[in-house]
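Atoms within each ligand, like the ligands themselves, are counted from 1 in listed order.
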Amino acid sequence: MGDLAQKPLLEKAPTTHAGLLAWVEEVAELTQPDRIYWVDGSEEENTRLTDELVAAGTLTRLNPELFPNSFAAFSDPADVARVEEQTFICSENKRDAGFTNNWMAPAEMKEKLRGLFSGSMRGRTMYVIPFVMGHLDAEDPKFGVEITDSAYVVASMRIMANIGTAVLDRMTQTNAFFVPALHSLGAPLEAGQADVAWPCNPDKWIVHFPEERSIWSFGSGYGGNALLGKKCYALRIASVMARDEGWLAEHMLILKLTSPEKKNYYISAAFPSACGKTNLALLDPTIEGWEVETLGDDITWMRIGKEGELRATNPEAGLFGVAPGTGWGTNPNAMRAIAKGHSIFTNVALTDDGGVWWEGMTDEVPAHLTDWQGNSWTPDSDKPAAHPNSRFCTPISQIDMLAEEYYSPEGVELSAILFGGRRKTTVPLVTQARSWTNGIFMGSTLSSETTAAAAGQVGVLRRDPMAMLPFIGYDAGDYLKHWISVSGKANPERLPHIFLVNWFRRTADGGFAWPGFGDNARVLKWAIERLEGKADAVETPIGFVPTGDSLDLTGLDLTHAHVEEAVRVDREEWDAELASIEEWYAKFGDSLPDALRSELDALKARMADH
Ligand code: GTP
Ligand code: MN
Ligand code: MN
């Protein structure tokens with residue numbers, strides 16, 4: 001034991017990057033793995049690792065005729081979602097973490113973590129995964145190295161990011177800065193101790209050191225907690241890099257919309273977790289002549305281009321999508337990508353012929369399944385077959401409708417930004433902001449009923465600024481100021497138009513006020529026609545909403561009255577909303593930008609006259 005963890009490590013390592021070697025040695029000394037393995041990202045390696053995971057019982061190989069080269073994983077029932085209560089931003093000063101984050105002094109946290117990680121990889125292999133978020137050929141490529149004792153994490157990171165030898169070689173050649181991202185399941189094995197299918201630890205810590213740009217994640221194998229390139233790096237740490245370097249790291253999809261006149265528009269949209277990003281990114285329009293292509297479904301990095309335009313790229317290489325509700329009826333494009341295989345499913349149900357199923361995948365419910373906890377399941381069962389936060393992990397290259405611009409390091413110029421949440425009441429189907437700053441106000445007060453994507457109660461209303469509440473790596477007021485300051489460097493003529501959307505409003509009878517999914521193309525069409533000066537709108541105190549006849553309803557069984565109901569601004573609901581926004585803004589204290597306080601005051605004045 002430990003032979004590689006000593007001197008030979010330096011000789012056998014496939015890099016001469018001194019900083020990386022020193023960190024790998026330091027971690028090996030702390031965590032005491034049996035072996036150290038440098039991940040090369042090859043197909044052969046992936047086959048070997050997934051074979052081992054099948055032998056260990058962590059992965060179940062699916063029927064290759066249904067899902068080639070695909071696997072299902074079933075987690076510990078206590079490890080199914082992001083753990084926001086246990087997520088920390090450990091900046092030097094508490095003030096810099098802001099009121100939206102958990103904080104502990106870095107020295108104190110480091111001591112705690114050193115205790116937890118001490119010997120935590122005993123009996124296991126320590127994998128070293130070099131990765132890059134975004135393009136390897138970007139002007140300033142964003143490198144990271146994840147050290148993990150989970151082969152499931154290696155196999156999933158291979159789908160979600162560009163990993164392995166090519167990345168490591170570039171890091172070595174340029175002696176590049178990288179984000180050290182340390183992950184351990186926190187489940188060491190004593191000699192002779194049998195492993196379990198999903199090792200993890202009841203004590204979970206997802207910790208970020210923003211000044212150091214480092215990540216320490218302990219105790220969870222679940223995607224958002226363990227695939228550290230994703231939420232931890234590309235959102236929390238990247239948001240801090242973005243603040244310091246003058247760009248934006250956001251929880252947004254990017255799509256390309258082509259009009260019947262063959263004009264292209266690029267649109268990004270920020271919705272909280274499980275509120276429709278992946279679905280909108282892969283939209284199948286129900287209106288003639290309009291086409292959608294995908295660039296990204298979860299994370300967007302934006303910067304001001306040479307001509308003052310706002311440019312967007314997707315730093316990820318895969319989809320880590322919510323399975324339930326993704327179906328042949330609602331999202332055929334995602335289903336086609338998944339059906340090509342090379343995917344890992346987590347906490348879905350298994351069909352008797354070796355495929356997967358989840359609620360909403362097909363209209364017809366299979367007569368018999370094995371549920372995500374391994375129990376026999378029939379439609380009479382009182383529990384869902386798949387966990388509500390079960391996920392598919394699939395290479396983005398498998399999307400037929402992937403826009404070729406996805407591969408361009410320069411990204412695309414945005415024409416519109418949508419902010420949206422899950423609200424049963426109050427928030428209209430779509431509202432165009434009065435101005436850029438008014439749009440930032442809409443983003444800053446974004447609200448949504450909570451979902452199964454994070455541990456905790458479901459259905460509670462919470463404010464979620466720019467859908468970034470769990471992901472802002474610094475003070476939330478500074479974050480809003482940064483939005484204002486970045487856009488201050490843009491050409492005002494080229495700034496995207498901002499819209500607030502809500503696919504989830506209910507009618508008096510409890511049904512959805514809007515059919516959603518592919519029909520959301522009608523809302524995108526209206527938004528584009530607004531910025532082309534072609535569609536009508538009604539001015540309300542909160543912004544511009546469609547007139548009954550300005551939304552294209554061709555082929556839908558809806559009347560103009562339906563639209564008017566879906567976009568109604570209700571005075572009573574908004575009185576309650578304004579009070580709730582007031583309470584929300586009070587939490588920022590001094591750190592709230594004055595421009596947004598003025599927006600709220602102006603909205604109140606307009607509402608009083610309404
Ligand atoms: P994360 O990947 O967790 O960040 O979430 P996401 O924003 O990508 O959410 P996703 O697209 O996976 O949607 C999650 C849920 O929203 C699913 O249950 C969908 O069925 C539902 N949903 C998405 N779009 C619509 C819509 O237009 N209308 C309605 N009613 N439901 C929708
Ligand atoms: Mn997300
Ligand atoms: Mn998604």
Side-chain angles (χ1 to χ4, degrees), residues 80-82 84 160 222-225 227 229-232 234-236 249-255 268-286 292 294 296-300 314-316 318-335 337-338 346 358-361 384 386-394 396 399 418-424 429-430 446 448-455 458-459 464 466-471 501-507 510-524 566:
V80 295
R82 287 184 292 100
E84 295 181 2
M160 295 309 297
Y222 171 79
N225 303 324
L227 312 180
K230 194 174 176 55
K231 303 300 191 183
C232 297
L235 288 177
R236 297 196 190 95
E250 298 298 324
H251 192 202
M252 289 178 168
L253 65 92
I254 315 170
L255 63 80
S268 73
F271 309 154
S273 294
C275 292
K277 287 182 301 300
T278 300
N279 276 278
L280 189 67
L282 291 159
L283 176 96
D284 204 10
T286 53
V292 169
T294 309
D297 84 316
D298 197 54
I299 299 179
T300 297
N314 168 15
E316 296 193 283
L319 309 176
F320 187 72
V322 181
T326 306
W328 289 104
T330 54
N331 195 342
N333 295 309
M335 294 306 294
I338 293 167
T346 303
W358 49 75
E359 279 66 23
M361 183 203 260
H387 187 275
N389 192 36
S390 54
R391 298 269 169 165
F392 59 86
C393 181
T394 300
I396 198 166
I399 299 179
L418 316 184
F419 292 117
R422 186 182 281 268
R423 291 291 304 267
K424 291 195 180 77
L429 173 63
V430 56
L446 192 66
S448 196
E449 287 131 19
T450 51
T451 67
V458 170
D464 191 339
M466 280 74 174
M468 282 285 283
L469 181 73
F471 309 121
V501 299
N502 177 20
W503 314 142
F504 301 92
R505 196 173 195 181
R506 304 290 181 134
T507 52
F512 286 108
W514 177 250
F517 299 102
D519 289 317
N520 292 333
R522 300 165 194 270
V523 175
L524 298 182

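Shown are Met335, Glu359, Met361; of these, the side-chain contact (heavy atoms from CB on, under 4.5 Å) with Thr326 is made only by Met335.
Within the structure, ligand 1 has Asp298 among the residues with a heavy atom less than 4.0 angstrom away. Under a 4.0 Å heavy-atom criterion, Pro272 is in contact with ligand 1.
Coordination check, Thr278 versus the Mn ion (ligand 3): passed, since an N/O/S atom of the residue sits under 2.8 Å. Backbone or side-chain N, O or S atoms of Gly224 do not reach the Mn ion (ligand 2) at under 2.8 Å.
For ligand 1, the atoms lying closer than 4.0 Å to a non-hydrogen atom of Asn279 are 10 (P), 11 (O), 12 (O), 13 (O), 19 (C), 23 (C), 24 (N). Using a 4.0 Å cut-off to heavy atoms of Arg422, the atoms of ligand 1 that qualify are 15 (C), 16 (O). Distances below 4.0 Å separate heavy atoms of Asn520 from the following atoms of ligand 1: 27 (O). Below 4.0 Å from some heavy atom of Gly325 lie the following atoms of ligand 1, by number and element: 20 (O). Residue-ligand proximity, Pro324 to ligand 1, at heavy-atom distances under 4.0 Å covers atoms 17 (C), 18 (O). Within ligand 1, the atoms closer than 4.0 Å to a non-hydrogen atom of Cys275 are 6 (P), 7 (O), 9 (O), numbered from 1 in the order shown. Within the listing of ligand 1, atoms 4 (O) sit less than 4.0 angstrom from a heavy atom of His251. Close approach to Lys277 involves these atoms of ligand 1, each under 4.0 Å from a residue heavy atom: 1 (P), 4 (O), 5 (O), 6 (P), 7 (O), 8 (O), 9 (O), 11 (O).
At a heavy-atom distance under 4.0 Å, no atom of Trp514 approaches ligand 1. In Phe517, the parts holding a heavy atom less than 4.0 Å from any atom of ligand 1 are both the side chain and the backbone.
Residue Ala274 has at least one nitrogen or oxygen atom sitting less than 3.5 Å from a nitrogen or oxygen atom of ligand 1, judged on distance alone. Considering backbone and side-chain N/O of Gly276, one or more are found under 3.5 Å from N/O of ligand 1.
In terms of protein heavy-atom proximity, atom 2 (O) of ligand 1 is nearest to Arg391 NH1, 3.2 Å. Ranking the protein heavy atoms by distance from atom 31 (N) of ligand 1 puts Phe504 CE2, 3.3 Å first.
The minimum heavy-atom distance between Asn389 and Val80, with the atom names listed, is ND2-O, 3.0 Å. Phe271 approaches Ala467 most closely through the heavy-atom pair C-CB, 3.3 Å. A pairwise comparison of heavy atoms in Leu235 and His251 identifies CD2-N, 3.8 Å as the closest pair. What you find for Tyr222 and Arg391 is that their closest heavy atoms are OH-NE, 3.5 Å. Across all their heavy atoms, Thr278 and Asn331 have their closest contact at O-ND2, 3.9 Å.
Nearest N, O or S atom of Asp298 to the Mn ion (ligand 2): atom OD1.
Between the side chain of Thr394 and the backbone N or O of Leu319, no donor-acceptor pair lies under 3.5 Å.
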Checklist entry - Under the side chain to side chain contact (heavy atoms under 4.5 Å, CB included) criterion, do Arg423 and Phe504 qualify, and how do the steps go? => result CA-CA 6 Å; Arg423 291 291 304 267; Phe504 301 92; over 6 Å; no
Checklist entry - Does the pair Asn279 and Trp503 meet the rule for a side chain to side chain contact (heavy atoms under 4.5 Å, CB included), with working shown? => result CA-CA 11 Å; Asn279 276 278; Trp503 314 142; over 6 Å; no
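Note that the NZ atom of Lys424 and the CD atom of Glu449 stand 4.0 Å from one another [nearest 0.5 Å].
The closest side-chain donor-acceptor pair between Asn502 and Trp514, if any, does not fall under 3.5 angstrom. Side-chain atoms of Asp519 and Thr286 form a donor-acceptor pair, as typed in the model, at a separation below 3.5 Å.
An angle of 90° is found at the Mn ion (ligand 2) between His251 atom NE2 and Lys231 atom NZ, rounded to 10°.
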